[in-house]
Amino acid sequence: MQSIDVLIAGAGFSGLVVAQRLSEAGLKCVIVERRSHLGGNAYDKPDKNGVLYHCYGPHYFRTNSKAVRDYLSRFTEWQPADYRVKSRTHGKYWSFPVNLATFEQLTGRPATEEEFIAWLETERVPCAHPANSEEVILASAGRTFYELFFQGYTLKQWARHPRELDASVCSRIPIRTARDDHYLREEFQALPAEGFTRLFERMSEASPNLEIHLNTDFLTGRHRWQPRHTVFTGPVDAYFNYAHGHLPYRSLRFEVESLTADDLRAQKRGAVSGSPGHWQPALQVNYPNDEEFTRIVEIKHATGQQTPHTNIVREYPLPADAAHEPYYPIPAPDTRAQYEKYRTAAAQEKNTSFIGRLATYHYFNMDQVVALAMKEADRLLPMLLADPVAVPCPE
Ligand code: FAD
Ligand code: UDP
């Protein structure tokens, strides 16, 4: 058994950020990652034609945090990204998220913002404090758009009615009355210029006291190390051997299709807004009603890679189980109550931190887990440097 300072389970954003910051300060860190690669769900790689794609669904980096942006900028340049999405239903592409252009498509005539606001007033179902995802969309966009774009998509994605999900789920999507179809709200929106995987490699290269063991499960392999502190970023229920039952997570099946320039020609696809080598008219097309998949992503629209080939990825939702990775915690009152038992157990676990999307059962974006991992490293660092034995548990 090897004595080390910190053993970290998981080489996603959460694990890598903590490891990078602690090892840079001189602490001996080991990451064990059960997959064969760095980066967790943000991992990307080239397909057989050399076209980069996001292997576990699209990862649109965005943040309002200068600290997060400055930190990650140590390891990457940025490619500004214009994340544009359409929704496809009733046989056409709709401007999405809901905005003035969507209203014009609905009515079939040009409109002003004032007309749209007046129409919304008649459509909206007033609700002072929306308590779930149905109420929040009915209150902001009204029933027509709720039924067109949200109800079916949400049922597919979560296998739950929007009424049984926190308001925070559907309110991730903006509703606007102006002619503004940006998908996201954050002020900084960009992708790592050479991809996420290169960013993760640079983070590990900048960590002189860090050892990484891929293809290694923490739960079965941890006995090889004797750490002073442990950071766990995997599913919290697995850590406690499901003592309080299995937490429900949603999973996805990704269907990747690589298309050469010849394939695109044969399918009579190819040029979008004068830019060659594209399959669909936007980065992401959502399918709320008509298909088994929820969305098709053609990431080349955002990476800006110069190539005549492309790829598309379809996402089919399903429950997480032994054969399907947990990707999404399910934000809802009943799942939160179940998680609460694990949160209590985690808080009592000696010399162990639980961080990240799976270990805290929270629907975090990348910048949020980076910020929280930076904070946890800042909390641990003085204690580990000052006291060779004890680190109190976080609250
Ligand atoms: P993860 O990335 O899940 O990493 C956890 C790691 O721990 C994994 O590599 C896993 O293999 C490993 N692990 C688990 N158990 C063990 C074990 N027992 N032993 C060893 N290793 C273990 N965020 C955005 O900001 N923008 C987006 O557009 C966006 N899109 C997304 C799309 C999809 C389909 C998904 C699923 C997520 C998306 N996210 C997005 C969220 C983003 O993926 C997360 O915020 C971020 O990757 C979480 O990092 P993490 O390190 O906490 O978890
Ligand atoms: N959503 C929807 N229709 C859409 C897009 C999103 O109903 O066309 C709802 C759905 O419940 C989804 C949630 O809004 O899970 C958040 O969407 P987002 O695009 O942020 O999902 P993510 O990229 O995190 O999977």
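Read the numbers this way: they start at 1 and go in the same order the structure lists the ligands and their atoms. All values below come from the heavy atoms of this structure, side chains included, with hydrogens, waters and symmetry mates left out.
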Checklist entry - Does CZ in R62 sit with more than 12 non-hydrogen atoms of other residues, nucleotides or ligands closer than 6.0 Å? => result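 Yes.
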Checklist entry - How about E340: does its CD atom have over 12 heavy atoms from other parts shown lying under 6.0 Å from it? => result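 Atom CD in E340 is packed in, count exceeds 12.
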For the residue pair [X] and [Y], categorise the inter-ring angle as parallel (less than 30°), tilted (30 to 60°) or perpendicular (more than 60°).
{"X": "F240", "Y": "F354", "answer": "parallel"}
{"X": "F218", "Y": "Y239", "answer": "parallel"}
{"X": "Y43", "Y": "H37", "answer": "parallel"}

Heavy-atom nearest neighbour in the protein, as seen from [atom], with distance rounded to 0.1 Å:
{"atom": "atom 37 (C) of ligand 1", "value": "R357 NH2, 3.3 Å"}
{"atom": "atom 21 (N) of ligand 1", "value": "R34 N, 3.2 Å"}
{"atom": "atom 48 (C) of ligand 1", "value": "V369 CG2, 3.9 Å"}
{"atom": "atom 28 (O) of ligand 1", "value": "Y60 N, 2.7 Å"}
{"atom": "atom 12 (C) of ligand 1", "value": "E33 OE1, 3.3 Å"}
{"atom": "atom 14 (C) of ligand 1", "value": "G234 CA, 3.6 Å"}
{"atom": "atom 39 (N) of ligand 1", "value": "H59 NE2, 3.5 Å"}
{"atom": "atom 45 (O) of ligand 1", "value": "F364 O, 2.9 Å"}

When you look for heavy atoms under 4.0 Å from ligand 1, do you find them on the side chain of [X], its backbone, both, or neither?
{"X": "E325", "result": "neither"}
{"X": "T216", "result": "backbone"}
{"X": "F61", "result": "neither"}

Next on the checklist: By the ring pair (Phe, Tyr, Trp, His ring centres under 6.0 Å) test, which pairs, at least two apart or in different chains, include something from residues 246-270?
Outcome noted: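 Every pair satisfying ring pair (Phe, Tyr, Trp, His ring centres under 6.0 Å) with a residue in residues 246-270: Y242-H246, Y249-Y361, F254-Y327.
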So does [X] pair up with [Y], basic N to acidic O under 4.0 Å?
{"X": "D166", "Y": "R336", "answer": "yes"}
{"X": "R88", "Y": "D290", "answer": "no"}
{"X": "E325", "Y": "R35", "answer": "yes"}
{"X": "R74", "Y": "E24", "answer": "yes"}
{"X": "K375", "Y": "D378", "answer": "no"}
{"X": "R228", "Y": "D5", "answer": "yes"}

What atoms of ligand 1 come within less than 4.0 Å of a heavy atom belonging to [X]?
{"X": "G356", "result": "52 (O)"}
{"X": "L252", "result": "34 (C)"}
{"X": "G10", "result": "6 (C), 7 (O), 12 (C), 21 (N)"}
{"X": "P58", "result": "27 (C), 28 (O), 29 (C), 30 (N), 31 (C), 32 (C)"}
{"X": "L358", "result": "3 (O)"}
{"X": "V32", "result": "20 (C), 21 (N)"}
{"X": "P235", "result": "14 (C), 15 (N)"}
{"X": "Y56", "result": "33 (C), 34 (C)"}

Do [X] and ligand 1 have an N or O pair less than 3.5 Å apart?
{"X": "G15", "result": "no"}
{"X": "F13", "result": "yes"}
{"X": "D217", "result": "yes"}
{"X": "Y327", "result": "no"}

Item to check | Option whose closest heavy atom lies nearest to atom 3 (O) of ligand 1, chosen from N41, V17, T220, V313 | outcome: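 Ranked by closest heavy atom to atom 3 (O) of ligand 1, first place is N41.
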Checklist entry - Sequence neighbours excluded, which residues qualify as salt bridge (Lys or Arg N to Asp or Glu O under 4.0 Å) partners of R314? => result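 With sequence neighbours excluded, R314 shows a salt bridge (Lys or Arg N to Asp or Glu O under 4.0 Å) to E255, E257, given in chain and number order.
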Item to check | No-hydrogen, no-angle side-chain donor-acceptor test under 3.5 Å, E134 and Y146 | outcome: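 There is such a pair between these side chains.
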At what distance, to the nearest 0.5 angstrom, does [atom1] of [X] lie from [atom2] of [Y]?
{"X": "L148", "Y": "L106", "atom1": "CG", "atom2": "CG", "answer": "7.0 Å"}
{"X": "L184", "Y": "R172", "atom1": "CG", "atom2": "CZ", "answer": "8.5 Å"}
{"X": "R222", "Y": "F232", "atom1": "CZ", "atom2": "CZ", "answer": "8.5 Å"}

Checklist entry - In chain order, what residues pass the side-chain contact (heavy atoms from CB on, under 4.5 Å) check against T303, with sequence neighbours excluded? => result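 If we apply the side-chain contact (heavy atoms from CB on, under 4.5 Å) test to T303, skipping adjacent residues, the hits are L52, L191, I299, K300, Q305.
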Next on the checklist: Heavy-atom contacts with ligand 2 below 4.0 Å: which residues, ordered by chain and residue number?
Outcome noted: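 Close residues (ligand 2, cut-off 4.0 Å): F96, F149, F150, Y153, T154, Q157, W158, V169, C170, R172, I173, Y183, N286, R295, Y328, Y363.
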Item to check | Exercise check, heavy-atom protein proximity under 4.0 Å to atom 51 (O) of ligand 1 | outcome: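 Answer yes: something from the protein, a heavy atom, is under 4.0 Å.
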